[in-house]
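Before any comments, here is the structure.
Just so we're on the same page: letters track the sequence lines, and every chain starts at 1.
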There are 2 protein chains.
Amino acid sequence: MYEKKIYENLDCGINVANKILGGKWRACIIDSIARGIRRPSGLQREIPEAPSRVIQMHLRELEALQVIRKETTGSFPLKAEYFLTPLGESALPLIAAMDQWGNANKEYVQEVYAAMIAEDAANS
Amino acid sequence: MYEKKIYENLDCGINVANKILGGKWRACIIDSIARGIRRPSGLQREIPEAPSRVIQMHLRELEALQVIRKETTGSFPLKAEYFLTPLGESALPLIAAMDQWGNANKEYVQEVYAAMIAEDAANS
DNA sequence: TTCGGTAGGGATAAAAAGTTCCCTATACGC
DNA sequence: GCGTATAGGGAACTTTTTATCCCTACCGAA
């Protein structure tokens, strides 16, 4: 996607997980594909806050990382579909766990975050 | 820590999880604290690849997010200790799951990643 | 007194990630 | 022909994150 200039240490499992699932829209995209939204246009409708350009780029990188796989109907009505590879499938429980934990602590974190923002605003 | 200019949507559990556990060293720091490495100097020795400045900043932000809690022995030999809060504790299983999944797929991802890099190099 | 260990921060640079704008090309329906 | 939908990308930009450098201040030990 972008050219990396710094060597990435993928010895640590946590870094590997972050590399694939980290980022603002990654897990969201994977989750949507798993839920059956396979086409780029559908994904863009599913996640309207994400710029379509960004979704495209993530799709390309996830494909390069072999988390998803693309199938094109070359002819017509121009169709592209993305599917999870076994690697992608294997990430689903982890994504579900992240979502669950995040939702369980959402209110709390939102509160604390709001307080942080307020304090920042007061200090400036 | 840094002043954010863009509103962060914390409605989605995945985003909440990424906010707290995402980033290059976050999960690593939390995990180290959980393993009993409670003092800043110890953490810096534990994760020597991470600049100490970065560790400091993460500690401050994790504290602000109430994932960890600081105790200072004000007097002497200048001592600071960090402990997980209940929120921090609750993240441990998730971190463990990330680590486990990452380690299970490490070789595979490393391989694919190496191929990507090689291809990039060939194209430039 | 100088050195080492502790905890911490300011300033700035560099890298990465995300955003925006605008473009290609195809084919359908009106 | 015109508008709309499909899939996709180039270029430039902003925001966020990470890294580098160098500093304060404390006290003990040598």
Side-chain angles (χ1 to χ4, degrees), chain A residues 1-9 15 18-29 33 37-45 47-65 68 70-82 113 116-117 120 123, chain B residues 1-9 15 18-29 37-65 68 70-82 113 116-117 120 123:
Chain A
M1 174 142 75
Y2 313 104
E3 259 194 66
K4 303 263 173 45
K5 301 195 178 171
I6 286 187
Y7 165 73
E8 283 192 67
N9 180 357
N15 287 340
N18 264 329
K19 169 148 197 68
I20 293 187
L21 303 179
K24 206 164 170 183
W25 309 109
R26 276 287 177 69
C28 228
I29 291 172
I33 293 176
I37 300 163
R38 302 218 170 72
R39 303 185 43 198
S41 48
L43 289 168
Q44 285 161 27
R45 277 189 294 268
I47 320 174
E49 319 94 285
S52 66
R53 191 75 179 83
V54 173
I55 295 183
Q56 290 289 357
M57 289 194 296
H58 281 304
L59 286 174
R60 294 186 68 67
E61 195 169 337
L62 287 170
E63 195 192 352
L65 285 168
I68 61 177
K70 182 164 88 170
E71 273 182 27
T72 333
T73 312
S75 68
F76 181 57
L78 261 190
K79 210 170 158 186
E81 285 188 297
Y82 292 90
Y113 181 63
M116 276 177 62
I117 299 289
D120 277 5
N123 290 347
Chain B
M1 172 145 76
Y2 314 103
E3 260 194 65
K4 303 263 172 47
K5 300 193 180 173
I6 286 187
Y7 166 74
E8 283 192 66
N9 179 357
N15 287 340
N18 263 330
K19 169 147 197 72
I20 293 186
L21 302 179
K24 207 164 170 181
W25 309 110
R26 276 288 177 70
C28 228
I29 291 172
I37 300 163
R38 302 215 171 73
R39 304 185 41 198
S41 49
L43 288 169
Q44 285 161 27
R45 277 189 295 270
E46 182 75 7
I47 320 174
E49 319 93 287
S52 65
R53 190 75 179 81
V54 173
I55 295 183
Q56 291 288 357
M57 288 194 299
H58 280 304
L59 286 174
R60 295 187 70 66
E61 194 170 339
L62 287 171
E63 196 192 352
L65 285 168
I68 60 176
K70 182 163 88 170
E71 273 183 27
T72 332
T73 311
S75 69
F76 182 57
L78 261 191
K79 211 170 158 184
E81 283 188 299
Y82 292 90
Y113 181 62
M116 276 177 62
I117 298 289
D120 277 5
N123 290 347

Check whether any side-chain nitrogen or oxygen of [X] sits under 4.0 Å from OP1 or OP2 of [N], and answer yes or no.
| X | N | value |
| --- | --- | --- |
| W25(A) | dA17(C) | no |
| H58(A) | dA17(C) | no |
| Y82(A) | dA7(D) | no |
| S41(A) | dA7(D) | yes |
| K70(A) | dA7(D) | no |

Report summary line: Taken in chain and number order and not counting sequence neighbours, the residues that satisfy side chain to side chain donor-acceptor pair (under 3.5 Å) with E71(B) are R69(B)
Between [N] atom [atom2] and [X] atom [atom1], what is the distance in whole Å?
| X | N | atom1 | atom2 | value |
| --- | --- | --- | --- | --- |
| K24(A) | dT16(D) | NZ | P | 8 Å |
| N15(A) | dT17(D) | CG | P | 17 Å |
| R53(A) | dA7(D) | CZ | P | 15 Å |

Query raised in the report: Contact class for P40(A) vs. all strands (heavy atom < 4.0 Å): base, sugar-phosphate, or nothing?
Result: sugar-phosphate
**Report entry** Check: dG9(D) base within 3.5 Å donor-acceptor of R60(A) side chain
**Finding:**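 No, the side chain and the base share no sub-3.5 Å donor-acceptor pair.
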Report summary line: Whichever of G23(B) and G42(A) has the more 5' nearest nucleotide on DNA chain D, that residue is G42(A)
